[in-house]
Engineer: 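Sharing a structure below in structure tokens format, with a few things to ask.
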There are 2 protein chains.
Amino acid sequence: MVAKHELNGLPEDADLRRADSLAREIFSDVANKWAFLIVEALGERTLRFSELRDEVEGISHKMLTQNLRMLERNGLVDRKVHPTVPPRVEYTLTAPGRGLRATVDAMCGWTHEHLGHIEDARRRFDV
Amino acid sequence: MVAKHELNGLPEDADLRRADSLAREIFSDVANKWAFLIVEALGERTLRFSELRDEVEGISHKMLTQNLRMLERNGLVDRKVHPTVPPRVEYTLTAPGRGLRATVDAMCGWTHEHLGHIEDARRRFDV
DNA sequence: CTGGATCCCCCCCGATACTG
DNA sequence: CAGTATCGGGGGGGATCCAG
């Protein structure tokens with residue numbers, strides 16, 4: 001690596017800020033409804049494109065491909081193309097993807113755990 | 001309604017589907033970047049509106065109020081208004097809100113843990 | 001079957017201005 | 001300081017068609 005000590009200011013600061021902005025960027029990518037539902041649907045399984053579309057209720061063709069590309073780009077899903085006809089493409093979570101899945105699972109658990117509380121709070125709020 | 005002879009027409013099914021759609025709805029509400037960042041910023045602390053806006057980098061006035069309303073409506077943050085002049089409004093996570101925070105924390109941890117892997121995957125993907 | 005591309009509409013979100 | 005209202009641009013996201 002190139003020495004960064006020649007720059008003015010503390011080098012660690014720049015690194016930290018860069019890492020943080022990257023983290024923020026990843027967060028923006030991944031913290032969206034469809035990505036979560038896809039990761040959740042994949043779970044431990046390997047699924048084809050069409051299976052995934054059936055599994056994730058209400059997702060459109062476009063959103064599915066878009067999010068799958070995003071997840072693939074970030075190394076969270078593995079995309080395997082079988083050169084057959086008709087084509088067969090299978091998606092699987094990578095190790096980091098399964099890590100993400102754990103946190104999504106936790107959030108799903110949290111949701112179901114607090115369904116009642118939230119429903120009550122809403123009724124109280126919605127005069 | 002039509003009788004469904006060969007289908008599983010058990011009454012619990014309707015309840016389950018209702019709970020699921022509610023869960024899905026909550027998920028859609030909460031699984032967004034700004035909500036996460038707000039929850040993360042609050043943590044164990046109580047913050048005023050303006051403090052929160054400073055804390056959550058890049059958030060606009062509008063998005064902050066909007067998401068705070070949403071979180072309040074779902075009973076995840078407590079909104080306390082001090083009738084002084086100028087007004088002082090403080091936001092705090094409720095118990096369920098802190099539960100959510102735990103999962104968001106986990107996700108932050110996951111993000112930082114895999115920064116390197118993701119960065120590499122991206123470089124490989126972005127020809 | 002998978003995936004890209006195009007059209008198009010709606011709504012998200014930022015900027016600004018105004019109340020209490 | 002906190003919150004609401006309004007307007008306008010950009011992009012999210014659906015429907016559809018075409019290619020491999």
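Numbered from 1 within each chain, the chains take letters A, B, ... in sequence-line order.
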Engineer: Classify the nucleic acid contact of A:Arg53 as base, sugar-phosphate or nothing, counting any heavy atom under 4.0 Å across all strands shown.
Structural biologist: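 The answer is nothing, as A:Arg53 stays clear of every strand by at least 4.0 Å.
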Engineer: What integer distance in Å separates A:Leu52:CG from C:dG3:P?
Structural biologist: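 Atom CG in A:Leu52 sits about 10 Å away from atom P in C:dG3.
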Engineer: What about B:His61: does its side chain form a donor-acceptor pair under 3.5 Å with the base of D:dG3?
Structural biologist: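 Checked by distance alone, the answer is yes.
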Engineer: What is the distance, rounded to the nearest whole Å, between atom CG of A:Leu64 and atom P of D:dG14?
Structural biologist: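 So the CG-P distance, A:Leu64 to D:dG14, works out to 11 Å.
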Engineer: Check whether more than 12 heavy atoms from other residues, nucleotides or ligands sit under 6.0 Å from atom CD of B:Glu51, and answer yes or no.
Structural biologist: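 Enclosed: over 12 neighbouring heavy atoms sit under 6.0 Å from CD of B:Glu51.
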Engineer: Measure from CE on B:Met63 to C1' on C:dC11 and round the result to the nearest Å.
Structural biologist: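 Taking CE of B:Met63 and C1' of C:dC11, I get 10 Å after rounding.
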Engineer: So which nucleotide from C:dG3, D:dG3, C:dG20 ends up closest to the side chain of B:Pro87?
Structural biologist: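 Closest nucleotide among those given: C:dG20.
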Engineer: Report the nucleotide, chosen from D:dC1, C:dC13, C:dT2, that has the shortest atom-to-atom distance to any side-chain atom of B:Lys62.
Structural biologist: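 Comparing D:dC1, C:dC13, C:dT2 against the side chain of B:Lys62, the answer is C:dC13.
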Engineer: For the side chain of B:Gln66, counting heavy atoms from C-beta on, which of C:dC13, C:dG3, D:dA2 is nearest?
Structural biologist: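 Comparing C:dC13, C:dG3, D:dA2 against the side chain of B:Gln66, the answer is C:dC13.
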Engineer: Check the phosphate of C:dG3 against A:Arg88, side-chain N and O only, distance under 4.0 Å to OP1 or OP2. Yes or no?
Structural biologist: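 False: A:Arg88 side-chain N/O out of range (4.0 Å or more) of C:dG3 OP1/OP2.
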Engineer: From CG of A:Asn32 over to P of C:dC12, roughly how many Å is that when rounded to an integer?
Structural biologist: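 Interatomic distance, CG of A:Asn32 to P of C:dC12: 14 Å.
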Engineer: For A:Leu37 and D:dG13, what is the distance between atoms CG and C1' respectively, to the nearest whole Å?
Structural biologist: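 Taking CG of A:Leu37 and C1' of D:dG13, I get 15 Å after rounding.
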Engineer: What's the NZ-P distance between B:Lys33 and D:dG12, to the nearest Å?
Structural biologist: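 To the nearest whole Å, that distance equals 12 Å.
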Engineer: With side chain to side chain contact (heavy atoms under 4.5 Å, CB included) as the test, pick out the partner of B:Tyr91 among B:Leu64, B:Leu68, B:Ile38.
Structural biologist: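 Considering B:Leu64, B:Leu68, B:Ile38, a side chain to side chain contact (heavy atoms under 4.5 Å, CB included) with B:Tyr91 is found only for B:Leu68.
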Engineer: Please tell me whether B:Phe27 and A:His112 form a close aromatic pair, meaning their ring centres lie under 6.0 Å apart.
Structural biologist: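 No: the rings miss the under 6.0 Å criterion.
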Engineer: Flag the pair A:Arg122 and B:Asp29 as a salt bridge only when some basic side-chain nitrogen lies within less than 4.0 angstrom of an acidic carboxylate oxygen.
Structural biologist: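 Yes, charged N to carboxylate O under 4.0 Å.
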Engineer: Just to confirm, is there a sub-4.0 Å distance from OP1 or OP2 of D:dA2 to any side-chain nitrogen or oxygen of B:Ser50?
Structural biologist: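 Yes.
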Engineer: Rounded to whole angstrom units, what separation is found between the CG atom of B:Asn67 and the C1' atom of D:dA2?
Structural biologist: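 Taking atom C1' of D:dA2 as the reference, CG of B:Asn67 is at 16 Å.
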Engineer: Rounding to an integer number of Å, can you tell me how far A:Arg69 CZ sits from D:dG12 P?
Structural biologist: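 Whole-Å distance recorded here is 17 Å.
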Engineer: Side chain of B:Phe49: nearest nucleotide among D:dG3, C:dG14, D:dC1?
Structural biologist: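 Nearest to the side chain of B:Phe49 among the choices is D:dG3.
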Engineer: Kindly assign one of parallel, tilted or perpendicular to the pair B:His114 and B:His117, based on the angle between their ring planes and the thresholds 30° and 60°.
Structural biologist: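 Because their plane-to-plane angle is over 60°, the rings of B:His114 and B:His117 count as perpendicular.
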